[in-house]
Amino acid sequence: MSAAQAVAVLLDPKANHEPVAAYEALHAHGPIVQVADGYYFVSGYEAVAGVLRDPSTEAYDARRLDQQWSDWRENRAVEIFADSMLRTNPPQHTRMRRLAAGVFTARRVAALRDVITAQVEEALDALPPEGDLVTHLTYPLPIGVITALLGVPAEDRGRFRRLAEALTAVLEVRWTAEDRRLAHEAALELEDYFTHLLAQRRAEPREDLVTALAAAHDADGGQLTAAELMANLTLLLVAGFETTTNLLSNGIVLMLEHGNKIDDPAAYVEEVLRFDSPVQLTERYTSKKTLVGGVEVPADAELVLLLGAANRDPARFTDPGVFDPGRTGNAPLSFGAGAHYCLGAPLARLEAQITLPALARRFPGLTPQGKPVRRPRMNLRGWSSVPVTLEGSVD
Ligand code: HEM
């Protein structure tokens, strides 16, 4: 496959959820390829890491969005991500990130270990002898954890799978008019939901993140505007489970393929993250002439950073196509790097490090029942169903 063919695959929504062959072709070509005027794909590990850590590159460029899609401001889903810390540049990013990091502390996450363990055991107890692990485990578990942390009532959990799936379509490299419409509607529904929840928490404050973030807004509007409060709450909810779901399902399918023996949970999860990254790409914009992978990129260029490709760069990883939980020096870019490094990385890792070994221990005879089905997405990569039988379970 040539680099041009690889780019065509990655831009084709029907083919791009199987990107590995295209990544290999890009690696053979070099760390960066120009796709169009001012538009590049970056696949090399060092080049992707370098752009993410370069403070002169920006996570958001309204001018380029205006060029590509003049009425994007009318799509609430795009606007929500644009208002959130994910797609904001300093100084707004620095301010929001500091505030969120202040309430989303390492202590709060570490304190969740027992809560997560209890939720995993409860989910495993309730698994049917035959069934789909996406429906029965990999969705309900991360939804349960993030809603508990945010303070979203347990009875509302059932609504979020569909809404997150619809909303996050706008994070793909390509999306259809129907995707846009559904994403917009999901954004309005989530906004309406949080408007009511914020009113409840203001009336009766609790020890949760919704109350803490609302208080940060109310204390001084300069810390967090109303639009930013809404955007970051939505981001935390959706980013909090949609990606973790994919990490769990990717890990389970790899366990089923390679034998479900996990010696070192932390190393195992890092290798799942590298081999089958739940987030395959992100984007940056240059604010000035920048050298990327040895190529001079002009100012105002759009860089698609292929995290999933970087994680399989043969210049960085020996035998990148081999799933090897024992590999040393494993440092995948699945959570990004630099100023926007994933705020939820410790939580996502903790959930996977508890869930995968618990599943393997409880059901050593876990067996696929038919083929798992890939989600039809490139960026947020996971499975829509993983049918199994628990046969051989040792209770
Ligand atoms: C396996 C699970 C996860 C993966 C693979 C993942 C991946 C990522 C990546 C790649 C970024 C950086 C995007 C960029 O640089 O443009 C990011 C940012 C972010 N993630 Fe995650 N994430 C995961 C779980 C979570 C969880 C559990 C939460 C929240 C509880 C979360 C919240 C966030 C937030 C708030 C940001 C924006 C940070 C910023 O812009 O400063 N993520 N995530």
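Counting starts at 1 for both ligands and their atoms, following the listed order. Along the sequence shown, the residues carry numbers beginning at 1. Heavy atoms only: backbone and side chains are in, while hydrogens, waters and symmetry mates are out.
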(request) Write out the residue and atom name of the closest protein heavy atom to atom 38 (C) of ligand 1, then the distance separating them to 0.1 Å. (result) Arg97 NH1, 3.2 Å
(request) Report the residue from Arg95, His217, Gln223 that forms a side chain to side chain donor-acceptor pair (under 3.5 Å) with Glu228. (result) Arg95
(message) Just to confirm my output: which protein heavy-atom neighbour is closest to atom 24 (C) of ligand 1, and how far is it?
(response) Thr243 OG1, 3.3 Å
(message) Show me which atoms of ligand 1 lie under 4.0 Å from any heavy atom of Leu247.
(response) 1 (C)
(request) Determine whether more than 12 heavy atoms belonging to other residues, nucleotides or ligands lie under 6.0 Å from atom CZ of Arg108. (result) yes
(message) Among all protein heavy atoms in this structure, tell me which lies nearest to atom 6 (C) of ligand 1, with the distance rounded to 0.1 Å.
(response) Phe335 CD2, 3.6 Å
(request) Please confirm whether the backbone N or O of Ser56 pairs with a side-chain atom of Ser287, one donor and one acceptor, at under 3.5 Å? (result) yes
(request) Compute the minimum heavy-atom distance from Ala100 to ligand 1 and say whether it is under 4.0 Å. (result) no
(message) Just to be sure I read this right, does ligand 1 sit under 4.0 Å from the backbone of Ser334, its side chain, both, or neither, counting only heavy atoms?
(response) backbone
(request) Please state whether Phe241 comes within less than 4.0 angstrom of ligand 1, counting heavy atoms only. (result) no
(request) Without swapping roles, check the side chain of Gln369 against the backbone of Pro387 for a donor-acceptor pair under 3.5 Å. (result) no
(request) Decide whether Thr211 and Asp208 meet the rule of one side-chain donor and one side-chain acceptor closer than 3.5 Å. (result) yes
(message) Please check whether Leu273 reaches ligand 1 - meaning an N/O of the residue sits under 3.5 Å from an N/O of the ligand, judged on distance alone.
(response) no
(request) Just need the protein heavy atom nearest to atom 28 (C) of ligand 1, so name the residue and atom and give the distance. (result) Gly344 CA, 3.4 Å
(message) Exactly one of Arg375, Arg381, Gln280 should register a side chain to side chain donor-acceptor pair (under 3.5 Å) with Asn246. Which one does?
(response) Arg375
(request) Verify the neighbour count for atom CG of Asp37: are there more than 12 heavy atoms of other residues, nucleotides or ligands below 6.0 Å? (result) no
(message) Could you check whether atom CD of Glu207 has more than 12 heavy atoms from other residues, nucleotides or ligands sitting under 6.0 Å from it?
(response) no
(message) Quick check on contacts: which atoms of ligand 1 are under 4.0 angstrom from a heavy atom of Gly336?
(response) 10 (C)
(message) Taking 4.0 Å as the limit for heavy-atom contacts, which would you say applies to Asn246 with ligand 1: side chain only, backbone only, both, or neither?
(response) neither
(message) Looking at Arg98, I want to see if its CZ is surrounded by more than 12 non-hydrogen atoms of other residues, nucleotides or ligands under 6.0 Å.
(response) no
(message) List ligand 1 atoms under 4.0 Å from Ala348, heavy atoms only on the residue side.
(response) 1 (C), 2 (C), 24 (C)
(message) Please work out, at 4.0 Å between heavy atoms, whether the side chain, the backbone, both, or neither of Ala352 comes within that distance of ligand 1.
(response) neither
(message) Count I, L, V, M, F, W, Y as connected when their side-chain heavy atoms are under 4.5 Å apart, and connections chain through other members. Are Val304 and Val170 then in the same cluster?
(response) no
(request) Pick one of side chain, backbone, both or neither for how Ile146 approaches ligand 1, counting any non-hydrogen atom pair under 4.0 Å. (result) side chain
(request) Could you check atom 36 (C) of ligand 1 against the protein and tell me its nearest heavy-atom contact, residue, atom and distance included? (result) Leu343 N, 4.1 Å
(request) Return the residue, atom name and 0.1 Å-rounded distance of the protein heavy atom closest to atom 30 (C) of ligand 1. (result) Phe104 CZ, 3.2 Å
(message) If we only consider heavy atoms of Leu307, is any one of them less than 4.0 Å away from an atom in ligand 1?
(response) yes
(request) Would you mind checking which non-hydrogen protein atom is closest to atom 13 (C) of ligand 1, with the distance to 0.1 Å? (result) Leu86 CD1, 3.7 Å
(request) Could you name the option among His340, Arg98, Arg284, Arg87 that has the heavy atom nearest to atom 40 (O) of ligand 1? (result) His340
(request) Classify the contact between Thr282 and ligand 1 as side chain, backbone, both or neither, using a heavy-atom distance cut-off of under 4.0 Å. (result) side chain
(request) Under the salt bridge (Lys or Arg N to Asp or Glu O under 4.0 Å) rule, what do Glu165 and Arg162 come out as? Steps first, then yes or no, please. (result) CA-CA 5 Å; Glu165 222 157 34; Arg162 176 184 63 81; over 6 Å; no
(message) Would you say that more than 12 heavy atoms from the other residues, nucleotides or ligands in this model lie under 6.0 Å from the CZ of Arg181, or not?
(response) yes
(message) Please identify which of these residues, Met230, Arg201, Glu189, meets the side chain to side chain contact (heavy atoms under 4.5 Å, CB included) condition with Phe194.
(response) Met230
(request) Return the option from Ala239, Ser277, Ala101, Cys342 holding the heavy atom at the smallest distance from atom 17 (C) of ligand 1. (result) Cys342
(request) Begin with the C-alpha distance, continue with both residues' side-chain angles, and end with the deciding distance and a verdict on salt bridge (Lys or Arg N to Asp or Glu O under 4.0 Å) for Glu24 and Arg312. (result) CA-CA 8 Å; Glu24 283 168 3; Arg312 285 169 171 261; 5.2 Å; no
(message) Only heavy atoms of Ala339, strictly under 4.0 Å: list the atoms of ligand 1 that pass.
(response) 41 (O)
(request) Considering only non-hydrogen protein atoms, determine which one is nearest to atom 27 (C) of ligand 1 and report residue, atom name and distance to 0.1 Å. (result) Gly240 O, 3.4 Å
(request) Check His93 against ligand 1 and report side chain, backbone, both or neither, counting heavy atoms closer than 4.0 Å. (result) side chain
(request) Give the numbers and elements of all ligand 1 atoms closer than 4.0 Å to a heavy atom of Leu235. (result) 35 (C)
(request) Examine the side chains of Gln92 and Tyr60 and answer whether a donor and an acceptor come within less than 3.5 Å of each other. (result) no
